[in-house]
Protein chains: 2
Amino acid sequence: MAGHGARGRSGGRPTLEEVAARAGVGRGTVSRVINGSPRVSDATRAAVEAAVAELGYVPNTAARALAANRTDAIALVVPEPETRFFAEPYFSDMLRGVGAELSETEMQLLLIFAGSDRERQRLAQYLAAHRVDGVLLVSVHADDPLPDLLAQLEIPAVISGRRSAEETLPSVDSDNYGGGRAAVEHLVSRGRSRIGHLAGRMDVYGAQRRVDGYRQGLRDADREVDDRLIVPGDFTEEGGRRAMTLLLERFPDIDAVFAGSDVMAAGARQVLRESGRRIPDDVALIGYDDSAIARHMDPPLTSVRQPIEEMGRAMIDLLLGEIADRRPVASRGLEKRQLVLPAELVVRASS
Amino acid sequence: MAGHGARGRSGGRPTLEEVAARAGVGRGTVSRVINGSPRVSDATRAAVEAAVAELGYVPNTAARALAANRTDAIALVVPEPETRFFAEPYFSDMLRGVGAELSETEMQLLLIFAGSDRERQRLAQYLAAHRVDGVLLVSVHADDPLPDLLAQLEIPAVISGRRSAEETLPSVDSDNYGGGRAAVEHLVSRGRSRIGHLAGRMDVYGAQRRVDGYRQGLRDADREVDDRLIVPGDFTEEGGRRAMTLLLERFPDIDAVFAGSDVMAAGARQVLRESGRRIPDDVALIGYDDSAIARHMDPPLTSVRQPIEEMGRAMIDLLLGEIADRRPVASRGLEKRQLVLPAELVVRASS
DNA sequence: ATCACTGGTGGGAGCGCTCCCACAGTACCT
DNA sequence: AGGTACTGTGGGAGCGCTCCCACCAGTGAT
């Protein structure tokens with residue numbers, strides 16, 4: 001608006017060259033100022049900045065991308081249909097963290113859904129065109145081919161969670177092991193004696209770790225681990241019902257249940273109610289994820305909270321590091337590139 | 001993987017030049033094939049396509065953007081904080097429509113939040129850099145400066161809804177007038193005699209139109225319109241409660257209420273219940289938006305559904321037209337560039 | 001005085017495309 | 001035969017940057 005009078009004689013947007021002319025310096029110098037190089041004298045920098053302001057200069061991203069071979073954009077790839085994206089708070093929390101961390105930079109975030117085959121096809125094309133400098137992979141299944149594709153294209157990527165104990169990609173996970181342990185520890189401290197576990201899908205590494213944590217929690221309390229107390233579910237409400245039913249058949253005297261997800265806990269709650277048991281009086285119940293379900297359940301559900309938003313931030317940090325570090329193609333170790341963030345038990349009335 | 005052996009001697013990605021050499025044609029010809037120009041013989045086209053497939057050629061977007069001065073990307077700008085984006089089904093429906101329509105093209109969709117001042121600042125910078133070919137504006141308030149900015153930068157834009165009767169931007173709206181009319185018509189046909197209206201914020205054009213439709217609906221039935229039956233609210237639950245309370249004071253014998261949104265209807269429902277009135281026996285209730293609230297209310301709420309997803313599709317169609325048409329800078333009229341899609345009454349138990 | 005350096009700078013080359021002009025070839029008129 | 005109009009094609013120019021090499025002081029050591 002005001003102050004942006006001179007717009008370059010050619011009518012279009014001003015270019016580096018025009019800024020250079022106006023500031024009485026060379027093209028290279030302007031480029032250096034724009035990119036924050038330290039090798040510019042203060043006087044020159046000031047002159048260039050003045051010219052930039054006067055002309056209302058904005059760098060042409062396409063030209064920069066072409067010359068520098070980078071795009072200043074990263075993609076958040078969601079291998080799920082959009083419906084689930086909106087339904088699960090996981091994604092909204094993640095997006096918030098990612099967005100917040102990214103707002104400190106010049107990087108642009110692209111949200112890409114890859115739920116259908118069509119969409120995956122499109123994504124592959126997109127990645128092949130190297131239209132992003134890096135990729136954030138969330139909620140990836142163990143057998144997904146995407147990580148391999150990214151490796152082949154040499155596109156830096158960070159994954160949320162780990163696909164297995166031998167995860168090869170830089171990753172940010174929450175402490176599922178610690179979360180499981182904390183849940184059991186809490187139940188023990190509340191004086192519960194027979195603690196069951198409704199496990200998630202065992203092909204999900206995080207679910208395995210929760211089981212491991214559950215076991216260790218019992219051992220820590222010098223309790224014997226009875227494998228029949230561990231019933232696998234599939235993270236669904238129906239799965240939770242079935243698992244709970246089975247558990248009740250095996251152990252009618254059970255007095256505590258740790259579910260691998262809030263949704264499963266909701267299923268378990270129904271079965272417990274139907275069997276005439278009160279929560280928490282007869283049976284204590286703990287979920288996982290600390291989702292809206294947990295807060296709105298009757299009674300409110302004790303649950304293990306994962307720091308999703310922080311995970312998003314951490315993923316960006318890692319990814320930006322990966323992108324910056326790729327000039328020296330040194331394939332550094334994974335030590336510092338696999339983070340595990342603590343999970344936290346949120347105690348409510350159900351335990 | 002297999003078949004993509006030859007990747008260009010230089011090790012990097014193959015270029016147009018390399019494809020041309022391989023196909024035994026010139027650079028221009030390959031470009032023509034890639035861009036689907038009809039001015040290429042079938043034989044040549046086949047040869048080029050073979051070379052493209054063999055080399056696994058993918059066009060370099062940055063180079064194309066630089067040379068052609070276009071980005072093949074459009075932005076969906078959400079002038080709300082992310083929280084509301086996830087909370088309101090409006091956005092998810094819109095995104096679904098937009099995504100579906102866009103998947104037929106080569107266009108890339110960018111989702112940009114402009115809820116905070118910081119984000120708006122960033123957006124302005126982004127638009128000034130012309131990083132998108134066009135913009136979809138959803139949920140814009142009447143006094144938002146964004147449309148002006150876009151006009152000034154000469155970036156094609158389409159708005160959802162209209163800011164006023166004299167909307168200058170290409171727009172896609174739903175028939176708020178028709179929706180209001182249909183609601184009243186329905187209530188009349190159900191034998192209701194005294195029909196009130198809880199209006200939305202009157203600085204929202206769509207809310208005004210719903211009032212207009214309400215009035216016309218009464219006139220259509222040869223009923224007199226009493227303005228005291230129209231109570232303005234603000235689209236919130238609390239606003240709905242206040243408006244309903246006022247309406248009951250004025251007309252204790254009221255037997256039907258048409259609310260400007262489902263949320264307001266929810267507020268009204270509480271007040272009606274507290275006053276001992278039954279829905280629909282004593283008072284019929286109709287909402288607007290056909291949101292999840294409507295389906296889950298007790299009793300389920302009759303509501304006016306807007307075809308959000310279709311609106312998203314239509315917006316893309318319009319925008320792509322705008323983008324394509326901008327070479328001949330002819331400022332055509334707005335006739336064909338302002339769409340109004342029909343709203344539909346979904347009848348449930350509340351009426 | 002000569003020889004290193006060093007911080008600061010200018011500008012050529014080139015990124016991979018699109019646009020457009022030039023031109024060969026064929027077809028169809030006078 | 002000569003014109004006129006296409007269709008199909010090749011390749012130069014140029015989009016606006018970054019990268020990098022060359023160069024010009026100035027400074028301190030020899």
- Query: Any donor-acceptor pair under 3.5 Å linking the side chain of A:D144 with the backbone of A:L146?
  - Reply: yes
- State whether the side chain of B:D133 and the backbone N or O of B:T71 hold a donor-acceptor pair below 3.5 Å, judged by distance alone.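 Flag set: sc B:D133 to bb B:T71 pair under 3.5 Å.
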- Do B:T168 and B:R163 come within less than 4.5 Å of each other through their side chains, counting heavy atoms only? yes
How long is the line joining [atom1] of [X] and [atom2] of [N], in whole Å?
X	N	atom1	atom2	answer
B:L66	C:dG14	CG	C1'	12 Å
A:L16	C:dG11	CG	P	14 Å
A:R39	C:dT9	CZ	P	11 Å
A:E17	D:dT18	CD	P	13 Å
A:N60	D:dG14	CG	C1'	13 Å
B:R13	C:dC15	CZ	P	14 Å
B:N69	D:dC15	CG	P	11 Å
A:R70	D:dT18	CZ	C1'	8 Å

- Item | Cationic N near anionic O, under 4.0 Å, B:R313 to B:E101 | yes
- Item | Ionic contact status for B:R96 with B:D93, cut-off 4.0 Å |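 Answer for the salt bridge query: yes.
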- Rounded (10°) bend between the five-pair end axes of the helix from C:dA1-D:dT30 to C:dT30-D:dA1: 50°
Choose from [options] the nucleotide whose nearest atom is closest to any side-chain atom of [X].
X	options	answer
B:T15	D:dG16, C:dT18, C:dG16	C:dG16
B:A67	D:dC19, C:dG16, C:dG10	C:dG16
A:R64	D:dT18, D:dT9, C:dC17	D:dT18

- Note on the structure: Assert: residue with more 5' nearest nucleotide on DNA chain D, out of B:A63 and B:V40, is B:V40
For [N], does OP1 or OP2 lie under 4.0 Å from any side-chain N or O of [X]?
X	N	value
A:N35	D:dT18	yes
A:T29	C:dG10	yes
B:S41	D:dT9	yes

- Message: Using the rule given for side chain to side chain contact (heavy atoms under 4.5 Å, CB included), can you reason through B:V77 versus B:V138, listing the C-alpha separation, both sets of side-chain angles and the distance that settles it, and then say yes or no?
- Response: CA-CA 7 Å; B:V77 171; B:V138 300; over 6 Å; no
- Message: Both B:R32 and A:T44 contact DNA chain C. Taking the nearest nucleotide for each, which residue is further toward the 5' end?
- Response: A:T44
- Task: Begin with the C-alpha distance, continue with both residues' side-chain angles, and end with the deciding distance and a verdict on side chain to side chain donor-acceptor pair (under 3.5 Å) for B:S139 and B:E80.
- Result: CA-CA 8 Å; B:S139 169; B:E80 307 274 355; 2.9 Å; yes
- Task: Quickly, which of B:L319, B:L136, B:L109 forms a side-chain contact (heavy atoms from CB on, under 4.5 Å) with B:L102? Name it, please.
- Result: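 Going through B:L319, B:L136, B:L109 one by one, the side-chain contact (heavy atoms from CB on, under 4.5 Å) with B:L102 is satisfied by B:L109 alone.
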- Message: Any N or O donor-acceptor pair under 3.5 Å from the base of C:dT18 to the side chain of B:R27?
- Response: yes
- Message: Determine whether a donor-acceptor pair (one donor, one acceptor, N or O, separation below 3.5 Å) exists between the side chain of A:R45 and the base of C:dG8.
- Response: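 Under the 3.5 Å cut-off, the side chain and the base do not form any donor-acceptor pair.
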